[in-house]
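Quick note on labels: first sequence line is chain A, next is B, and so on, each numbered from 1.
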Amino acid sequence: MYLVIYLGLARHAEQTMADSLRTVGQGHAQHPDVLFTCQALAKMSDEHVRRLTPIVERYGEQRHGPEVSEPERLHAEGLASVRTGPVGLLRDLQDLHVLGTLTQTTWTVVRQAAQGLRDAELIAVCDHASRQNSRQLSWLNTRLKAAAPQPLIVGG
Amino acid sequence: MTDRIADIWGERTPHAKGTVWPARVDQHLEDGIDEEQVEQWVPSACLLCSNGCGCDIAVKGGRMVGIRGRAGDVVNHGRLGPKGLYGSTAWSRSADRLTRPMIRVDGVLTECDWDTAMARIVERSKQLSPLEHGFYTSGQLFLEEYYTLAVIGKAGIGTPHMDGNTRLCTATAAAALKESFGADGQPGSYTDIEHCDAIFLYGHNMAETQTVLWSRILDRTRADDPPVLVCVDPRRTKVAEEAERTGGVHLAPRVGTNLALMNGLTREILHRGWVDEKWVAAHTLGIDDLRAIVEPYTPEHVAEICGIDAEKVTRAAEIFGTSANVLSTVLQGFYQSHQATASAVSVNNLHLLRGLIGRPGSGILQMNGQPTAQNNRECGADGDLPGFRNWDNEQHVRELAGLWNVDPLTIPHWAPPTHAMQIFSYAEEGSIRLLWISATNPAVSMPESARIRRTLAGEQCFVVVQDLFLTETARLADVVLPAAGWGEKTGTFTNVNRVVHLSEKAVEPPGEALSDLQIFLRYAGAMDFRDDDGNPLIPWRTPEEAFDAWREASRGRPSDYSGLSYAKLRGSGIPWPVTDAAPEGTDRLYTDAVFPTATDRCETYGHDLLTGGTVTEQEHRALRPDGRAFLKGAEYTPAHEPVSDEYPLLYTTGRTVYQFHTRTKTGRAESLRRAAPDMWVEMSPPDAAGLGIDEGDVVRVESPRGWLEAPVRIGHVKEGTVFAPFHYGGDPGRQANELTMTVWDPVSKQPTFKTAACRVTKVREGGWPAPAPTTAASAPAGAGVPPTAGGAPTVSRVVPVPSYPNDPASIGGR
């Protein structure tokens, strides 16, 4: 059953998202809204990891057959450091958005399987996480739009 | 003869529920002037708090020499407060008025003529692209001036970088109204005071910030059938005392925890069956989500977060849930605090859950801080588009482009207009290279004031300041323009309950000072802004012509002025909308429970209250709001700067009774200045005792960003909290905003002045009381402080009660 791979991916993606949000927030702390909102959004991802962990363990325990591991290519690179300046902020927000969409589509995939398995607990986690993912993406999109014209037109 | 420093609210005129608030004319003439000597009374409205009281300016020998209330005015029924009485005219003759323009020559501000000053601005302006311009304006200008500036900025230059100091005081009021009801605009009216059974004041020290409105409430609470008051405030204000006197509750939540309290109250209303289910189903959206969000906030959980008794939470909820009609008012204790918009929206939610809206006595007053703030929002010289249009709605932008005959792309609408904090950030970075500041003093009023001073003083940005005086901000400018003030120019403004007043020119401004409208028109002329047909972009020359242009811009929008004219306003104040259908104005909105939320009409598609992420048009359309109001919630999160071992006390700021704005005017009125002459800070008795501090001792208050030194008033602030009044400028070491954080609400973008951490150390013994007034919330906890008194004589006359158009009590109830 490959669901377990995707559960691992979901957990990994959310953890990467949380870490990257904190990195970007701290790295652009001169923009207080970026700092504090990234921290709030990171907490959402923490919560997804927390709620998913027992489910991952449950499927892990039920797992039979040869050891399966996440294919390397499914990993998303997090943001270990930030770029500088207003254009750097734009690029970092874009990278977060890319990570966020990976997370979101992962939940979509997992939810399809959860329905097939009639796993109500997992469906609930997927629904919650998807909604919170949308909030994360919505803020990133909003902030990108507000931040874009100034550096792209008058530099800085 | 009344000393209105000692007697802030004047004598009571109590009256029963449902009857008209009696009229009483308050008057002050300067020393040596008799009523018979007054040559002319010029109609206006007061600018010194957000109430907007109708008044007449006394003129003698070409000078403003006093003021009296207008008995027939719907806002104040003739009353004026201490600031209006003592502070309205004294500033106008100050020796330090600006009378000539100034430009910086070899680093020194040097007087020059208008042509030279304007040439310097235009030379710089023409070198710069639209996004290199920023405009930071006021809540002190007239509608005509805001609208003209909006057209210059949005259609002439085409910059999104326009905001007002209204961002610091009222942005959350506007945001909360937009999120719940689809557009800005106060649903209720001051007449709700006469008809309600309970009044909730959320973070609103009305007794000091709006003294006349408070006297209107006192005239109900001191009658035989008083409404019950509930006060939410970390200080023991006069409002808090009155709440307990009327059998209500004083809730003093820990600074920064308002939303937890509001979630608790909402949960109680939901759990205890006080919801008007049928009304909610017909007229709102979102109750299920709201229910889920507030579910964890039991009274006990709220009590723990907020540091208050659980029983007080349930009692307050009970008062809200069981009173037939409730009036709610909200101000800076919510707006300038953590999770501001979410907290203010929660107040709207409570009313929606019970269907308490659209009828006399059931009102919501999301208050303003300044009397012309509403105009700024309506006209779009701040972060809004004129006529409450939606920047995210292409059709709305096309309407404006048609009105101004410019390409829609000229009007910057690709994202929300840039908010004040971001404008200053761009100026700091140097990507805004011309910042034009009119009638406001950000060097004192903005958070983290040292950072603002550095930004304005730096070489990276050319700063234009237009004002009455050489303020702390003007001293840092490259060009200073002398402006005419209130009474020296003509224009209209609109207060919080939508009442429009015409304020007529009473005297000539000093020297070469010009009205703000004349200044903006000069700039527009020198820049030669044109429309798409090559005609001048701004064809109007006089205030009345500007007003008429605005009427057309507002036609059909929620703030519809189309039925108003200068001639009509010469009677008294009239609340908008004023249309063919409502020629005498509108006392309250949403009497039919239809809200301007339809996707094609609304001013915003809304936001996530926690993050500020915008709802898209598609998402909004999918909800099909179609006139239904939104119930929206958010989870409580801790404030940004918690206390620590290093900074163990909560720091909070606010306004007190004898001061307004940055004391530009009130600091120049002798009676007001003497009542609260200098900076102080307030501490609770246990906190002061723990640090060995006595009344009047000078302390150093430090946050991670800055410090101030001032004498201590040992008063009635909640234990663990230090309060500082935020009006005092001058030396950096005595400004409240040296310590506040650069952080803002995610939705309204209003800066947070109410939450920071600090530490206090004693500097030296004072030996005398702190310079804080004793008459209101700054009263001392102990004895031995002489009472504040000594205002110049004023007169109050109770007069026959006129008939007030639109007043439900005047017209026999509805």
Side-chain angles (χ1 to χ4, degrees), chain A residues 17-18 21-22 24-26 28-47 84-90 93 96-97 100-101 104 124 127-128 130-156, chain B residues 128-134 159-161 289 292 338-339 383 391-392 412-419 421-423 425-426 428-433 447-448 451 460 605-616 619 634-635 637-641 741-747 749 751-752:
Chain A
M17 187 71 182
L21 280 162
R22 289 202 169 86
V24 171
Q26 279 301 335
H28 296 282
Q30 75 272 30
H31 302 285
D33 61 330
V34 174
L35 169 64
F36 292 117
T37 313
C38 281
Q39 287 175 352
L41 300 185
K43 279 191 193 149
M44 291 178 186
S45 288
D46 290 344
E47 170 73 4
T84 57
V87 178
L89 172 64
L90 277 184
L93 292 173
L96 287 176
H97 199 278
T101 52
Q104 192 177 47
D127 286 348
H128 173 77
S130 291
R131 274 200 304 273
Q132 301 292 77
N133 260 172
S134 296
R135 295 173 81 184
Q136 292 172 324
L137 290 169
S138 160
W139 179 79
L140 288 165
N141 208 42
T142 300
R143 192 64 178 82
L144 272 167
K145 285 172 78 174
Q150 194 74 3
L152 297 189
I153 296 170
V154 290
Chain B
L128 300 176
S129 63
L131 295 189
E132 292 171 297
H133 289 76
T159 177
H161 307 321
D289 285 345
H338 182 54
Q339 300 191 289
W391 55 266
D392 222 1
H413 62 284
W414 46 73
T418 315
H419 60 93
M421 303 296 285
Q422 187 65 54
I423 287 176
S425 178
Y426 286 150
E428 182 182 32
E429 292 167 10
S431 69
I432 285 181
R433 296 184 172 89
E448 212 176 336
R451 180 181 178 199
Q460 83 293 354
Y605 300 131
H607 299 80
D608 182 313
L609 297 184
L610 181 76
T611 67
T614 47
V615 176
T616 64
E619 288 165 343
E635 58 270 41
T637 59
H640 299 118
E641 188 168 84
M741 294 180 82
T742 302
V743 57
W744 53 85
D745 180 73
V747 182
K749 312 297 192 291
T752 304

Any side-chain heavy atom of [X] sitting closer than 4.5 Å to one from [Y]?
| X | Y | answer |
| --- | --- | --- |
| A/Gln136 | B/Thr611 | no |
| B/Met741 | A/Pro32 | no |
| A/Met44 | B/Leu610 | yes |

By a 4.5 Å heavy-atom criterion (distance strictly below it), what part of A/Leu41 contacts chain B: side chain, backbone, both, or neither?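 The answer is the side chain of A/Leu41.
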What part of B/His607 lies closer than 4.5 angstrom to a heavy atom of chain A: side chain, backbone, both or neither?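 B/His607 has no heavy atom closer than 4.5 Å to chain A.
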Side chain, backbone, both or neither of B/Ile432 within contact of chain A (heavy atoms, under 4.5 Å):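 Contact with chain A involves both backbone and side-chain atoms of B/Ile432.
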[X] [atom1] to [Y] [atom2] distance, which is reported to the nearest 0.5 Å:
| X | Y | atom1 | atom2 | value |
| --- | --- | --- | --- | --- |
| B/Gln422 | A/Gln150 | CD | CD | 8.0 Å |
| B/Leu131 | A/Leu152 | CG | CG | 10.0 Å |
| A/Lys43 | B/Glu635 | NZ | CD | 10.0 Å |

Between the main-chain N or O of B/Thr614 and the side-chain N or O of A/Thr142, is there a donor-acceptor pair closer than 3.5 Å?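 The answer is yes, because a donor-acceptor pair under 3.5 Å joins these two groups.
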Go through the structure and list residues passing salt bridge (charged side-chain N to carboxylate O under 4.0 Å, His left out) with A/Asp33, not counting sequence neighbours.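 Expected list: A/Arg143.
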Would you name the heavy atoms of [X] and [Y] that are closest together and state the gap between them?
| X | Y | result |
| --- | --- | --- |
| B/Trp414 | A/Pro149 | NE1-CG, 3.1 Å |
| A/Gln30 | B/Arg451 | O-NH2, 4.5 Å |
| B/Ala415 | A/Ala146 | CB-CA, 3.9 Å |

